[in-house]
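Let me begin by presenting the structure, written as structure tokens, before commenting on it.
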Amino acid sequence: PNAMPKQIRIADNGDILLLGVTYGVADLGGGPLLPPGNFLARYAPDGTLLWSRLIGSETVSSFGRGLAIEPDGTIVVAVPFKGILELGETPVEALTVDIAVAALAPGGDVLWSRVFGGAGVDAPFGLAITSDDHIVIGGTFEQTLDVGLCPVESPLGQNAFLLDLDASGNPTWMQSF
């Protein structure tokens with residue numbers, strides 16, 4: 001209880017990756033995950049928990065998430081978050097809902113992470129890996145969205161976006177509509 005799956009993917013070796021959100025104290029099989037927020041867990045094909053970790057510290061359950069596995073086994077996630085995010089070396093804070101994107105090694109260690117956002121609510125709704133290892137994220141944003149290229153505005157409310165990142169998580173292009 002206290003956990004809601006949002007995305008499931010199967011690795012080439014049969015391991016199961018589960019991306020979701022926790023409410024209150026949740027135990028995915030390895031002890032409590034605190035505080036509530038987004039989680040990523042890896043299970044063996046027989047259902048044994050291999051590892052789990054939190055990604056973000058406040059529950060933002062109504063938005064989508066993205067989860068993909070690269071051919072080399074690297075796991076890429078995109079999640080909405082609000083509050084403190086501790087991925088990588090320096091914690092970041094979002095006062096409104098922003099987007100966190102991270103690549104993790106098969107063992108769960110963070111390889112890199114990026115945060116994108118603006119003044120309004122920004123959320124990912126899907127993620128895919130291209131044949132040349134780029135990461136494409138689709139989602140929505142309100143007011144402005146800054147990914148480090150050229151900020152885009154949404155003067156009439158909510159807009160959609162497509163964002164392309166290279167294999168290291170650096171933005172290469174973005175379209176809004």
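If you're wondering where the values come from, they're calculated on a predicted model, not measured in any experiment.
For Glu70, the CD atom counts as densely surrounded, since its 6.0 Å shell holds more than 12 non-hydrogen atoms of other residues, nucleotides or ligands. Summarising the local packing, CD of Gln158 is surrounded by more than 12 heavy atoms from other residues, nucleotides or ligands at distances under 6.0 Å.
Side chain of Arg65 to main chain of Gln7: no donor-acceptor pair is present (N/O by atom type, distance under 3.5 Å, no hydrogens or angles). Between the side chain of Arg9 and the backbone N or O of Leu67, at least one donor-acceptor pair lies under 3.5 Å. A donor-acceptor pair under 3.5 Å is formed between the side chain of Trp51 and the backbone N or O of Pro106. Side chain of Trp173 to main chain of Leu162: no donor-acceptor pair is present (N/O by atom type, distance under 3.5 Å, no hydrogens or angles). Using a distance-only test at 3.5 Å, with no hydrogens or angles considered, no donor-acceptor pair links the side chain of Thr172 to the main chain of Asp166.
Under the 4.5 Å side-chain contact rule for hydrophobic residues, Leu165 and Val136 do not share a cluster.
What you find for Leu28 and Ala3 is that their closest heavy atoms are CD2-CB, 4.1 Å. When all heavy atoms are compared, the tightest approach of Leu163 to Pro171 is CD1-CB, 4.2 Å. Here the shortest heavy-atom pairing between Met4 and Tyr23 reads CE-OH, 3.7 Å. Closest heavy-atom contact between Ile16 and Ala44: CD1-O, 4.0 Å. Considering all non-hydrogen atoms of both residues, Thr22 and Phe39 come closest at CG2-CD2, 3.4 Å.
Using a 4.5 Å heavy-atom cutoff, the side chains of Ser176 and Leu145 are not in contact. No side-chain heavy atom of Phe161 sits under 4.5 Å from any side-chain heavy atom of Val147. Here the side chains of Pro80 and Asp98 are not in contact, with every heavy-atom distance at 4.5 Å or above. For the pair Leu127/Val77, no side-chain contact is recorded, criterion being any heavy-atom separation below 4.5 Å from C-beta on. Using a 4.5 Å heavy-atom cutoff, the side chains of Val110 and Arg53 are in contact.
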* Verdict with supporting geometry, Asn170 and Ser168, side chain to side chain donor-acceptor pair (under 3.5 Å) -> CA-CA 6 Å; Asn170 301 306; Ser168 298; 4.6 Å; no
* To do: Evaluate the side chain to side chain contact (heavy atoms under 4.5 Å, CB included) criterion for residues Phe81 and Val115: first the C-alpha distance (whole Å), next the side-chain angles of each, then the deciding distance (0.1 Å), finally the verdict.
  => CA-CA 10 Å; Phe81 81 99; Val115 173; 3.8 Å; yes
* Applying side chain to side chain contact (heavy atoms under 4.5 Å, CB included), run through Asp122 and Phe116 and close with a yes or a no. => CA-CA 8 Å; Asp122 313 306; Phe116 305 113; over 6 Å; no
* To do: Go through the steps for Lys6 and Val79 under the test side chain to side chain contact (heavy atoms under 4.5 Å, CB included), then give the verdict.
  => CA-CA 10 Å; Lys6 292 287 190 169; Val79 297; over 6 Å; no
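The CG atom of Leu104 sits 11.5 Å away from atom CD1 of Ile69, with the distance rounded to the nearest 0.5 Å. Rounded to the nearest 0.5 Å, atoms CD1 (Ile137) and CE (Met174) are 11.0 Å apart. Distance check, rounded to the nearest 0.5 Å: CZ of Arg42 to CG of Leu49 gives 11.5 Å. Atom CD1 in Ile10 sits 7.5 Å away from atom CG in Leu17 (nearest 0.5 Å).
Legend: residues meeting salt bridge (Lys or Arg N to Asp or Glu O under 4.0 Å) with Arg114, ordered by chain and number and at least two apart, are absent.
For the residue pair Thr74 and Asp72, a side-chain donor N or O sits within less than 3.5 Å of a side-chain acceptor on the partner.
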